[in-house]
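So you know, we letter chains A, B, ... as the sequences are listed, proteins then strands, and number each from 1.
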Amino acid sequence: MNKPQPPESITHLMQRVDAIAGLTLGELAQQYQFKSPEHLLREKGWPGQLLEYVLGASAGSKPVPDFEHLGIELKSLPIDYQGRPLETTYVSVVPLTGLTGATWENSTVRKKLNHVLWLPVLAERDIQPVNRTIGHGFLWQPTEQQNALLKRDWEEQIELIALGRVEEISGHLGQVMQIRPKAANSRVTTDAIGPNGKLIKTLPRGFYLKTNFTQDILYNQFKA
DNA sequence: ACGTGATCATGT
DNA sequence: ACATGATCACGT
């Protein structure tokens with residue numbers, strides 16, 4: 001099986017998405033000779049990497065949309081038996097310096113979430129990774145209301161960081177989007193603005209969509 | 001170290 | 001039971 005090429009259009013992308021709905025991750029991995037781990041204790045990103053590969057997303061870790069020419073970001077979304085999200089959704093790293101003049105409109109979060117291809121995967125922990133079933137993927141763009149919620153959470157938390165109060169941030173902040181550690185381990189450090197305005201070292205952080213937000217997206221998509 | 005893909009697992 | 005904080009693999 002040759003490596004899938006990037007889809008030439010949104011229509012072609014969605015044809016591929018429809019074609020894999022109902023398959024298990026194991027079936028897909030076997031078709032494309034992709035490795036299939038027994039568990040995700042170490043290869044936590046395996047579901048997303050497999051789906052990226054199969055759908056022809058650009059590989060690597062470049063800070064650009066997965067389907068760059070289409071401006072679409074792919075997000076797998078683990079769900080439980082009730083169809084509710086099992087995990088928060090990582091969006092992007094949080095800028096901790098150079099925030100002068102930073103705006104929601106120009107933020108990486110806004111750009112990443114402008115157009116998302118959500119791909120639900122039934123991913124209860126008692127189901128082996130290879131037996132997890134792919135759901136019906138769909139395209140999403142934030143509604144005016146959703147955009148306003150994201151904007152508010154982004155502005156409130158970025159303002160704290162700009163004021164040198166990064167150490168006061170925890171996952172409890174934000175109504176629909178929170179900031180949590182995003183690093184290999186808790187000893188990793190990066191530069192941030194300190195309380196006195198000078199640079200300090202702190203743990204790298206990431207923006208994550210809370211499950212109430214992604215659940216709302218799923219509800220609006222699949223409500224009968 | 002940083003940014004991509006995320007899930008793990010302990011504290012509450 | 002569930003969310004927060006911690007962690008894992010890979011490419012650069």
**OP:** Treating Ile, Leu, Val, Met, Phe, Trp and Tyr as nodes and any side-chain heavy-atom pair under 4.5 angstrom as an edge, say whether A:I20 and A:I72 lie in one connected cluster.
**Re:** yes
Original post:
Any donor-acceptor pair under 3.5 Å between the side chain of A:Y208 and the base of B:dA6?
Top reply: yes
**OP:** Give the rounded distance in Å between these two atoms: CG of A:D80 and P of B:dT7.
**Re:** 13 Å
Original post:
Between atom CG in A:L203 and atom P in C:dA6, what is the gap in whole Å?
Top reply: 7 Å
**OP:** Ignoring hydrogens and angles, answer whether the base of B:dC8 and the side-chain atoms of A:E87 contain a donor-acceptor pair closer than 3.5 Å.
**Re:** yes
Original post:
Contact class for A:K201 (heavy atom, under 4.0 Å): base, sugar-phosphate, or nothing?
Top reply: nothing
Original post:
Tell me: CZ of A:F34 to P of C:dC10, nearest whole Å?
Top reply: 11 Å
**OP:** Let me know, please, whether A:A123 or A:D191 comes out on the 5' side of the other along DNA chain B by nearest nucleotide.
**Re:** A:D191
**OP:** Round to the nearest Å and state the distance from A:L50 atom CG to B:dG5 atom P.
**Re:** 15 Å
Original post:
Considering heavy-atom distances to DNA chain C, does A:R180 or A:L41 have its closest nucleotide positioned more toward the 5' end?
Top reply: A:R180
Original post:
When the distance from CD of A:Q128 to C1' of B:dT7 is rounded to whole Å, what number comes out?
Top reply: 15 Å
Subject >> Spacing between A:L74 atom CG and B:dG3 atom P, to the nearest angstrom >> reply: 21 Å
Original post:
Can a side chain N or O of A:S186 be found less than 4.0 Å away from OP1 or OP2 on C:dT7?
Top reply: yes
Original post:
Side-chain N or O of A:Q178 less than 4.0 angstrom from OP1 or OP2 on C:dT4?
Top reply: yes
**OP:** Kindly say whether, by distance alone, the side chain of A:K182 makes a donor-acceptor pair under 3.5 Å with the base of B:dT4?
**Re:** yes
Original post:
Quick one: CG on A:N220 to CD on A:Q215, what's the gap to the nearest 0.5 Å?
Top reply: 11.0 Å
Original post:
Are A:E167 and A:R205 close enough, and set up right, to give a salt bridge (Lys or Arg N to Asp or Glu O under 4.0 Å), and what steps lead you there?
Top reply: CA-CA 11 Å; A:E167 300 296 8; A:R205 319 294 169 100; 3.2 Å; yes
Subject >> OP1 or OP2 of C:dC2 under 4.0 Å from side-chain N/O of A:T211 >> reply: no
Original post:
Got a donor-acceptor pair under 3.5 Å from the side chain of A:R125 to the base of B:dA9?
Top reply: yes
Original post:
Can you tell me if A:E73 and A:W140 form a side-chain donor-acceptor pair at under 3.5 Å?
Top reply: no
Original post:
Rounded to the Å, how far apart are A:W118 CH2 and B:dA6 P?
Top reply: 10 Å
**OP:** When you get a sec, tell me which of C:dT7, B:dG3, C:dG5 is the closest nucleotide to the side chain of A:N185?
**Re:** C:dT7
Original post:
Which listed nucleotide (C:dA9, B:dT7, C:dT4) is nearest to the side chain of A:K210?
Top reply: C:dT4
Subject >> Under 4.0 angstrom between A:Y90 side-chain N/O and B:dT4 OP1 or OP2 >> reply: yes
Original post:
Just checking A:G171: base, sugar-phosphate only, or nothing, at a heavy-atom cut-off of under 4.0 Å?
Top reply: sugar-phosphate
Original post:
Hey, does the side chain of A:T89 come within less than 4.0 Å of B:dA6's phosphate (OP1/OP2), counting only N and O?
Top reply: no
Original post:
Taking the six-membered ring of A:Y90, is the NZ or CZ of A:K182 close enough (under 6.0 Å from the centre) and on axis enough (within 45°)?
Top reply: yes
Original post:
Parallel under 30°, tilted from 30 to 60°, perpendicular over 60°: which one fits the rings of A:Y32 and A:Y53?
Top reply: perpendicular
Original post:
How close or far is atom P of B:dA6 from atom CD of A:Q49, stated in whole angstroms?
Top reply: 8 Å
